[in-house]
Amino acid sequence: ASAVVSVSGSGTAYTSPLTLVSSVGFANSDTSNVVLYGNTAYICGEDHIVMVDVTTAAAPSTIGEFGDSVLNGYGDFCAINAPSGVTPYLVEVVGSESGATESFAVFSLANPQSPTLLTVASTPYGHMEDLSFTGNYAVITTSFITYYSSTAQIASQEGDFVTFDFTNPAHPLLLTTLQAA
């Protein structure tokens with residue numbers, strides 16, 4: 001949930017430059033992110049990925065959902081890689097029950113309205129925060145803190161910069177890790 005709060009003294013009240021054009025309802029988790037491919041919006045949540053046809057902005061419609069059996073409540077966020085001349089794919093970062101490591105659920109978007117699972121590839125990393133692509137390479141950051149509840153202090157903040165090769169999206173390969181000094 002979010003809110004716009006306008007505080008004004010002798011000035012004028014804030015008016016939003018945005019206007020709601022339309023909306024579509026569907027069940028999803030409290031945290032999710034949206035990625036677009038063509039006229040399809042993929043809303044990646046903890047339990048599943050919802051597909052919404054946004055061809056007509058004034059009348060979006062839910063197409064369906066997928067990923068339920070793979071995400072199992074641990075879906076985190078996703079990104080799409082659509083290099084020219086290659087079948088696009090969607091990668092969702094999936095956590096684990098322990099939270100120590102995360103995996104990649106890779107879905108082919110050869111048919112954007114009917115994605116197919118290519119693989120669930122485990123990684124040695126947890127606490128992934130961001131995923132983006134440049135060509136066939138995925139760039140990922142990790143971030144976590146050490147917190148002492150007894151003193152209410154943060155002892156350290158750590159993270160890595162990690163790259164994976166998705167030339168074969170069914171078999172992503174860890175390339176390198178740049179660790180904080």
Side-chain angles (χ1 to χ4, degrees), residues 1-8 11-95 102-121 127-143 162-170 172:
S2 63
V4 175
V5 177
S6 180
V7 178
S8 175
T12 58
Y14 172 80
T15 55
S16 175
L18 303 175
T19 303
L20 179 64
V21 174
S22 63
S23 65
V24 63
F26 52 85
N28 209 348
S29 56
D30 57 347
T31 59
S32 56
N33 77 304
V34 179
V35 292
L36 294 169
Y37 179 69
N39 292 326
T40 305
Y42 299 89
I43 298 89
C44 303
E46 297 169 348
D47 298 313
H48 50 261
I49 301 167
V50 176
M51 297 177 295
V52 176
D53 183 346
V54 294
T55 303
T56 306
S61 60
T62 303
I63 300 168
E65 66 178 57
F66 63 99
D68 303 54
S69 64
V70 176
L71 303 180
N72 296 317
Y74 296 107
D76 202 353
F77 56 89
C78 65
I80 291 178
N81 190 22
S84 179
V86 177
T87 301
Y89 51 90
L90 180 146
V91 177
E92 169 104 12
V93 174
V94 183
E102 293 178 304
S103 300
F104 298 127
V106 183
F107 297 90
S108 170
L109 298 180
N111 178 348
Q113 295 186 353
S114 183
T116 55
L117 180 66
L118 296 175
T119 191
V120 176
H127 311 288
M128 290 190 215
E129 296 296 323
D130 192 24
L131 167 67
S132 61
F133 284 95
T134 178
N136 287 319
Y137 301 104
V139 179
I140 300 161
T141 57
T142 66
S143 179
V162 185
T163 56
F164 285 87
D165 182 350
F166 277 83
T167 299
N168 179 351

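Keep in mind that the numbers below use all heavy atoms, side chains included, and drop hydrogens, waters and symmetry copies.
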Item checked: Which atom of V70 lies closest to which atom of A105, heavy atoms considered -> CG1-CB, 3.7 Å

Notebook entry, point to check: Is there a donor-acceptor pair under 3.5 Å between the side chain of N81 and the backbone N or O of G135?
Noted result: yes

Notebook entry, point to check: What residues, two or more places apart in sequence or in another chain, satisfy side-chain contact (heavy atoms from CB on, under 4.5 Å) together with V139?
Noted result: S132, T134, F161, T163

Check: Can you name the side-chain contact (heavy atoms from CB on, under 4.5 Å) partners of A59, sequence neighbours left out?
Finding: T56

Next item on the list: Please report the shortest heavy-atom distance between G45 and S32, naming the atom on each side.
Entry: CA-CB, 3.9 Å

Next item on the list: Kindly give the heavy-atom pair with the smallest separation between A58 and P60, and that separation in Å.
Entry: C-CD, 3.7 Å

Checklist line | A121: partners by side-chain contact (heavy atoms from CB on, under 4.5 Å), with sequence neighbours left out | finding: T119, P172

Margin query: Just to verify, which of V52, V35, T62 counts as forming a side chain to side chain contact (heavy atoms under 4.5 Å, CB included) with I43?
Written below: V52

Next item on the list: Let me see the working for D47 and D68 under side chain to side chain contact (heavy atoms under 4.5 Å, CB included), right down to the final yes or no.
Entry: CA-CA 6 Å; D47 298 313; D68 303 54; 5.7 Å; no

Checklist line | Set of ring-ring contact (aromatic ring centres under 6.0 Å, His included) partners for F66, sequence neighbours left out | finding: F107

Next item on the list: List the steps and the verdict of side chain to side chain contact (heavy atoms under 4.5 Å, CB included) for Y37 and L90.
Entry: CA-CA 9 Å; Y37 179 69; L90 180 146; over 6 Å; no

Margin query: For A138 versus L131, what's the shortest heavy-atom pair and its separation?
Written below: CB-CD1, 3.8 Å

Notebook entry, point to check: Roughly how far apart are N111 CG and T116 OG1, rounded to 0.5 Å?
Noted result: 8.5 Å

Next item on the list: Walk me through it: do Y137 and D165 pass the test side chain to side chain contact (heavy atoms under 4.5 Å, CB included)?
Entry: CA-CA 5 Å; Y137 301 104; D165 182 350; 3.8 Å; yes

Margin query: Tell me whether E92 contacts the main-chain N or O of D76 through its side chain, where contact means a donor paired with an acceptor under 3.5 Å.
Written below: yes

Checklist line | Check: I49 and L71 side chains under 4.5 Å, non-hydrogen atoms | finding: yes

Margin query: Checking F164 now: which residues fulfil ring-ring contact (aromatic ring centres under 6.0 Å, His included) with it, not counting sequence neighbours?
Written below: F104

Check: Distance from M128 atom CE to T141 atom OG1, nearest 0.5 Å?
Finding: 10.0 Å

Note to self: How close do V34 and A41 get, counting heavy atoms only, and between which atoms?
What the structure shows: CG1-CB, 4.2 Å

Next item on the list: Not counting sequence neighbours, which residues clear side-chain contact (heavy atoms from CB on, under 4.5 Å) with T55? List them please.
Entry: N39, D53

Item checked: Side chains of V24 and S61 in contact at under 4.5 Å (non-hydrogen atoms) -> no

Item checked: Considering all heavy atoms, the nearest M51-P112 contact -> SD-O, 3.8 Å

Item checked: Polar side-chain atom of Y74 near backbone of E102 as donor-acceptor pair, under 3.5 Å -> no

